[in-house]
Amino acid sequence: MIDRLLLLGATGDLAGRFLLPALAELWAEGQLPESFEIIGAATQELSDAAFQRGACERLERHASDIAPAARQALLDRLRYQRIDLASNGIAEAIRTILGTAGEKEGRGAPVAAYLALPPHLFGPAVNALGSARLPPRSRIVIEKPFGEDLESAIALNRLLADVAGTAGESAIFRVDHVLGMATVHNLLGLRLANRVLEPIWNNTNIEQIEILWEETLALEGRAAYYDRAGALKDVMQSHMLQILSLVAMEPPASLSERDLRNHKVDVLRTVRPPEPGQIAQRTRRARYTAGRLASTGGADGNHVPDYAAEKGVDPARCTETFAEVVLELDNWRWAGTRFVLRTGKALHRRAKGVVVRFRPVPHLPFGGDVPPPDRNELRIGLDGPETLSLHLTGSAPGPPAALTPLALTAQLPAAELRGYSQVLLNVLTGDCTLSIRGDEAEEGWRIMTPVLDAWAENRVPLEEYPAGSSGPPQRGGRSREASKEAP
Ligand SMILES: NC(=O)c1ccc[n+]([C@@H]2O[C@H](COP(=O)([O-])OP(=O)(O)OC[C@H]3O[C@@H](n4cnc5c(N)ncnc54)[C@H](OP(=O)(O)O)[C@@H]3O)[C@@H](O)[C@H]2O)c1
């Protein structure tokens with residue numbers, strides 16, 4: 001296990017909200033070695049003590065469930081170095097940090113270099129790590145989004161491959177924390193360990209699969225990053241395509257990194273993005289206007305200003321805070337089944353999960369005046385609430401034709417580790433199973449590029465929805481069919 005973490009971007013939101021709490025949790029669970037140390041780096045001029053004080057506040061806010069002794073043990077292992085990745089001579093600065101200054105070849109204990117940085121610094125940072133010649137068996141960890149489009153993702157992958165050298169993909173970890181979530185792993189258990197689901201998991205029986213990532217959170221001061229990304233790049237191109245790949249892939253022989261990642265890439269390759277002539281019907285983009293959030297989520301009951309009026313937002317960029325894309329898969333199992341991906345910020349509810357809607361039965365023997373029953377649905381809640389519910393139809397007391405909806409619901413057991421804890425543990429132990437492979441990242445961009453191009457050229461109107469609502473009204477005034485309730 002690697003026992004040195006170089007955390008580039010250590011003062012940022014990701015580090016404070018997710019990475020340090022995850023490391024504290026790993027410490028509390030006894031998963032980190034006694035020798036473990038973290039070297040935080042960012043542009044601010046800070047002493048070790050000042051960095052530790054800042055980290056302590058973040059842990060109090062975001063990891064209050066973790067025992068104070070474990071939090072303190074983590075703080076004791078933090079050091080800080082100022083570094084500006086936009087300046088010259090960074091490679092030498094990294095060598096100084098790692099204690100390898102002056103050496104021709106990297107030596108010493110391997111390090112995991114985590115790039116918790118704005119995406120435009122990924123290239124300079126990887127270059128610098130390459131020139132600094134990291135010790136053998138070191139790893140580079142990159143956050144999503146991997147590149148800003150297909151071209152930049154390919155360039156970033158080439159650069160990473162050059163720096164990784166003979167270690168190849170085993171030295172590169174492209175992190176999507178969704179793959180660390182226990183509830184997402186449960187998609188595999190559900191699909192692959194039950195006799196009842198896999199035989200009907202196909203286009204013959206399933207009409208539509210919705211993948212939802214609906215948030216009550218608004219911008220929360222993240223304009224510098226979000227206004228340049230938008231909902232499609234921030235969430236859909238990464239998290240939601242990852243969920244799609246697990247839902248739609250063929251059953252692998254094993255969950256080894258090679259089998260699992262091969263099967264995920266195989267199914268992503270079959271995803272057909274909307275044709276140019278269909279983009280206006282198959283995609284939607286919208287931006288929230290002022291409104292009041294519902295009583296769920298982080299900013300309870302808060303008034304939310306117009307997205308366009310938020311500090312740091314350039315309204316002329318027309319950044320979407322809501323995105324919906326309908327995809328089709330060109331393969332035997334899924335041709336003819338619609339995959340609807342929908343995400344949004346500042347919505348009335350938090351709903352992250354999958355809704356599988358089955359086709360109607362071929363014949364109903366109850367006579368013409370009995371209204372057709374609701375479609376059978378399987379709803380898989382992936383994150384708050386983590387539930388599973390199967391919606392069937394039965395007969396109410398009385399004649400058999402008196403149909404009634406039934407719901408079988410289960411609460412999933414609480415996860416043992418946070419998503420980021422699992423991901424970090426895999427990085428430190430060298431297990432690539434939950435890392436996005438380079439070709440997988442490029443497939444994500446291939447699928448979304450026609451949509452991004454059409455939106456950039458204004459071929460799809462930017463709609464609006466009030467914060468706290470369910471999103472822009474359904475086209476033609478229809479109400480949403482499948483996702484009336486959260487999964
Ligand atoms: N935040 C999230 O919820 C989240 C979730 C998933 C993925 N991500 C990804 O994680 C990455 C970091 O996001 P974030 O939200 O943490 O961003 P952030 O809050 O803006 O933090 C960026 C970090 O990078 C440092 N930095 C900026 N310019 C630098 C430079 N020239 N040299 C060295 N360090 C520099 C900043 O330090 P100084 O302030 O000292 O300059 C800060 O520590 C992004 O790629 C983002 O897409 C974020």
Per side-chain contact (heavy atoms from CB on, under 4.5 Å), Leu327 is matched among Leu241, Thr283, Ile209 by Leu241
_We want to know whether Glu25 and Ser421 form a side-chain donor-acceptor pair, criterion being a heavy-atom distance below 3.5 angstrom._
yes
Open item on the list: Tell me whether the rings of Tyr420 and His177 are parallel (<30°), tilted (30 to 60°) or perpendicular (>60°).
Closed with: parallel
The complete set of side-chain hydrogen bond (donor to acceptor under 3.5 Å, both in side chains) pairs with one or both residues in residues 242-259, sequence neighbours excluded, reads Gln242-Lys264, Gln242-Glu440, Glu250-Arg333, Ser254-Ser256, Ser254-Asp259, Glu257-Arg261
So the ring-ring contact (aromatic ring centres under 6.0 Å, His included) pairs with at least one residue in residues 443-468 (sequence neighbours excluded) are Phe322-Tyr465
Lys345 meets the salt bridge (Lys or Arg N to Asp or Glu O under 4.0 Å) criterion, sequence neighbours left out, with Glu215
| said: Test your reading of the model: is there a side-chain donor-acceptor pair from Asn202 to the backbone of Asn205, 3.5 Å cut-off? | reply: yes
- Quick check: does any side chain N or O of Arg139 sit under 3.5 Å from a backbone N or O of Leu428, one acting as donor and the other as acceptor? yes
Contacts satisfying salt bridge (charged side-chain N to carboxylate O under 4.0 Å, His left out) that involve residues 421-438 (not counting sequence neighbours) are Arg437-Asp439
Donor-acceptor pair, distance only, cut-off 3.5 Å: does the side chain of Thr343 make one with the backbone of Ala231?
no
In short, ring-ring contact (aromatic ring centres under 6.0 Å, His included) pairs touching residues 350-377 with sequence neighbours left out are none
With a 3.5 Å distance limit and no angle check, can you tell me whether Asn426 reaches the backbone of Cys432 through a side-chain donor-acceptor pair?
no
With sequence neighbours left out, the residues meeting salt bridge (Lys or Arg N to Asp or Glu O under 4.0 Å) with Glu416 are none
Contact check, side chains of Thr319 and Arg287, non-hydrogen atoms, under 4.5 Å:
no
In short, salt bridge (charged side-chain N to carboxylate O under 4.0 Å, His left out) pairs touching residues 359-371 with sequence neighbours left out are none
Sorted by chain and number, sequence neighbours left out, salt bridge (Lys or Arg N to Asp or Glu O under 4.0 Å) with Arg317 holds for Asp227
Residues passing the side chain to side chain donor-acceptor pair (under 3.5 Å) test with Asn194, sequence neighbours excluded, are none
Got Ser238 and Val178 here, is their nearest side-chain heavy-atom distance under 4.5 Å?
-> no
Hydrogens and angles aside, do Ser152 and Asp149 bring a side-chain donor and acceptor to less than 3.5 Å of each other?
yes
- request: Indicate yes or no for a side-chain donor-acceptor contact from Arg446 to the backbone of Leu150 under 3.5 Å, with no hydrogens or angles considered.
  value: no
Residue set satisfying side chain to side chain donor-acceptor pair (under 3.5 Å) with Thr429, at least two apart, ordered chain then number -> none
Query raised in the report: Is a side-chain donor or acceptor of Asn203 paired with a backbone partner of Thr337 at a separation under 3.5 angstrom?
Result: no
Counting distance only, does the side-chain N/O of His239 pair as donor-acceptor with the main-chain N or O of Leu179 below 3.5 Å? no
For residues 58-67, the side-chain hydrogen bond (donor to acceptor under 3.5 Å, both in side chains) pairs (sequence neighbours left out) are Asp65-Arg418
I'd like to know if the side chain of Lys233 and the backbone of Glu148 have a donor-acceptor N/O pair within less than 3.5 Å.
yes
Do Asn157 and Arg174 have side chains that get closer than 4.5 Å, going by heavy atoms? yes
Discussion item. Tell me if a side-chain donor or acceptor on Trp334 pairs with a main-chain N or O of Ala248 at a distance below 3.5 Å.
Written reply: yes
Arg228 meets the salt bridge (Lys or Arg N to Asp or Glu O under 4.0 Å) criterion, sequence neighbours left out, with none
Q) For Thr409, does its backbone N or O pair with a side-chain atom of Ser389 as donor and acceptor, under 3.5 Å? A) no
